[in-house]
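Ligands are counted one by one from 1 in listed order, and the atoms in each one are counted from 1 as well.
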Amino acid sequence: MPERSESDSRKLLRRLRDTLAEPGAGQERLDRITHLIADSMGTQVCSVYLFRDDETLELCSTQGLKKESVHKTRMKLGEGLVGRVAKNSTPINTPNAPAEKGFRYMPETGEEIYSSFLGVPIQRIGEKVGVLVVQSKDQRHYSDDEVYALEVVAMVVAEMSELGAFIGEGEALSAPHKNPVMFRGGTGQEGAAEGRVWLHEPRVVITNPVGDDPVKEQERLNKAVADLRLSVDAMLSTNHLADQEHQQVLEAYRMFANSRGWLRRMEEDISRGLSAEAAVEKEQSQARARLESVPDPYLRDRLHDLDDLSNRLLRILTGQGLDTGADMPANPILVARNIGPAELLDYGRKLRGVVLEEGSVGSHAAIVARALSIPLVIHAELITTEALNGDHILVDGDQGIVHLRPEETVARAFREKIAMQAEAQTRYASLRDLPATSTCGKTVSLLMNAGLMADLPSLAGSGAEGVGLFRTELQFLVRSHVPKRGELAGLYARVMEAAHGKRVVFRTLDIGSDKVLPYMKRVEEPNPAMGWRAIRVGLDKPGVLRMQLQALLRAAAGRPLSIMFPFVAEFDEFRDARQRLLDEVESERALGHKLPSILEVGAMLETPSLAFAPEAFFEMADFISIGGNDLKQFFFAADRENERVRKRYDMLNASFITFLEKIVGRCERAGTPLSFCGEDAGRPVEALCLAAIGMRTLSMRPASIGPVKHLIRKINLDDLRAVMDGARTEGATNLRPAVMDWLARQDI
Ligand code: PEP
Ligand code: MG
């Protein structure tokens, strides 16, 4: 009966707390705890397994198994039932453990006589600590209530401060935070930085996991939730926020702050005897464990929002602010599990670098880091558990490597690298106002890619001649509803103003594939990159496209406007989309609105098919931009998101170059301006080769403009082309070796 089991559960927690407060050596105390749990739960066995290192669990205390096996029995993460509980961070409940898949019998423990098994993870937020197990001889299936009760107990055990001391003879769980550690992650944004750790969210310390009075704890939670809602509402109503991008992120928070399911689970935890803060932390840990197994990027972002809210709630409840009294060090390197785009924008250019445990190349935070040109390493696993505020840290965004508390020799080598990069930057800055003209007199126009208001300041700094690709997805992705026409028009107008008359090419919404809108019904597709995305969605569901086109026309109001449609696969799609734009122009005219002074309508060439489109397509398009990222993935049939095949095919593959030349030729014959805006445009050697085959406009991330311009100005593009042609004639599959060999002999 729930009534009774709730008060039992509260009683057990209180006894646990009293035991925790008693004096005595760690082992003795842990033994008393396992005894207490077995006794209260009416099981013959209760055992605590703790992580000895990242991969190994060790039996640290038991009631019921053979005492000799304590500190002897070990298993790898994922091994046996205990290892599986730890690995998946989910309970295992079985009446017949030996029959269970993956069961591993540990003879030294004498556990063969126990049939039923219930194991739950012991975890703190973002940190796996161990596994708590109860076992019985009879073949019983533990009730949901019992599973729940054990989870609540595990939560209290996780908060024991001295857990580390139980491993071996007083050896700590992990070495004290002093040793150098290297993290191998992924590149989010290139660049190198040295500085001191600044933890985005220092951990909240919970001192009272057990609550004496559930009514009082519930009141504390209610009050904290009310405060949380008020603070989110207040954030939303202050209009001094830098721009709308902040606002939209906060809207999503508001949704969660009002989520009933979340609140109900915490209420239940409190009725079982946890304090309000322990209840928040329990739900947060479980949400994080779920997060690990959620592949869907949108859902992960939402779980991240929930995590943020839990942190805020914990801070309200414990009174522990973000401000721990520590001052932000000089040269701060932000270390976080993950961070939202709005928060990162708040820190702005103060940061020297960012290191995240999660994140992805296409995440909003990565887009912001790129806009701010801050080196970013993603997937640095467990760094928030290792790093302390003020720790010395080196971030190598090029290699995706982080050195925490590095040895001096490593730091010295790293500084040399930074010095060389700084020297190069000064050299690039001096080229800012010079054209990218090769030694044979050909000038290449260098533009930048953007997707945020925050990108625009780079326009002046980088020396870009304009924005060759403005991706419009982000404004749609960060909100919880379809943006309004007026909001978008306002944003686009601000982008044009910030460009001070330089050309900005707006690409209409490219959603679908990996980019899913929160408010769009998710259509399960076997192969989303080749599915219903970009212009296909725009043509089939014209409402949003129309609204976006109207917003662009209104934003331009008398100024020149360039629009391009993404992912056009055949002429008819372009003709159709273009006609819809022209229809909107007519409606705007009829309404008496000011029209753009010039309207250019272009297509992105991202599928091989479009290169073979009828001549009329090339004549109709005012310009064409090659989306090299997509074009390459479809040309080679190699998924750009799949690490195993992503780097397998090189842009300098002779077949691909021949294909690109064909496009250049067709555009030249039709007199249609051509540009290239995939990532390869920003890679210096690739950029040179693109220019050599006649691609005279390249659009890239702002930080690449300096290095690319520097190289072009040193090179004779005619000679380079001859080298490429020569290698191809000789039958090379890949032109890179010949190009690199030739470059090595140039004076650069
Ligand atoms: C491309 O495909 O090269 C491109 C620029 O578009 P996106 O990367 O946004 O798909
Ligand atoms: Mg693309």
Problem - Numbered atoms of ligand 1 (with element) below 4.0 Å of Glu606, judged on heavy atoms - result: 1 (C), 2 (O), 4 (C), 6 (O)

Completion exercise
Within 4.0 Å of some non-hydrogen atom of Gly678, the atoms of ligand 1 are 3 (O)

Practice task
Nearest 0.5 Å please: distance from the CG atom of Asn527 over to the CG atom of Asp639.
Solution key: 8.0 Å

Problem - Per-atom contacts of ligand 1 with Asp630, taking only distances under 4.0 Å to non-hydrogen atoms - result: 1 (C), 2 (O), 3 (O), 10 (O)

Completion exercise
Across all chains, not counting sequence neighbours, the side-chain contact (heavy atoms from CB on, under 4.5 Å) partners of Arg580 are Leu539, Pro542, Asp576

Problem - Those residues that, when tested against Pro560, pass side-chain contact (heavy atoms from CB on, under 4.5 Å) (two or more places apart) - result: Ser597, Ile598

Handout entry: Salt bridge flag under 4.0 Å for residues Arg666 and Glu615
Key = yes

Handout entry: Arg507 to ligand 1, any heavy atom closer than 4.0 Å
Key = yes

Exercise for the section: Find all atoms of ligand 1 within a distance of less than 4.0 Å from any non-hydrogen atom belonging to Cys677, and give their numbers and elements. Expected result: 5 (C)

Practice task
Report yes if the distance between the aromatic ring centroids of Phe636 and Phe656 is under 6.0 Å, otherwise no.
Solution key: yes

Completion exercise
Nearest non-hydrogen contact to atom 3 (O) of ligand 1 from the set Asn449, Asp510, Asn629, Leu631 belongs to Asn629

Problem - Evaluation steps, side chain to side chain contact (heavy atoms under 4.5 Å, CB included), between Glu606 and Asn629 - result: CA-CA 8 Å; Glu606 306 190 86; Asn629 306 333; over 6 Å; no

Problem - Within-cut-off N or O pair, Leu469 and ligand 1, under 3.5 Å - result: no

Handout entry: ligand 1 atoms in contact with Arg471 (distance to a heavy atom under 4.0 Å)
Key = 4 (C), 5 (C), 6 (O), 7 (P), 8 (O), 9 (O)

Exercise for the section: Would you check if there is a donor-acceptor pair between the side chains of Thr437 and Thr443 at a distance under 3.5 Å? Expected result: yes

Practice task
Mark up the atoms of ligand 1 that fall under 4.0 Å of a heavy atom belonging to Gly627, in ascending order.
Solution key: 1 (C), 2 (O), 3 (O)

Practice task
Decide if the gap between the ring center of Phe183 and the ring center of His379 is smaller than 6.0 angstrom.
Solution key: no

Handout entry: 4.0 Å heavy-atom contact, Arg640 with ligand 1
Key = yes

Exercise for the section: Please state whether the separation between the Mg ion (ligand 2) and some N/O/S atom of Asp630 is under 2.8 Å? Expected result: yes

Handout entry: Glu606, N/O/S atom nearest the Mg ion (ligand 2)
Key = OE1

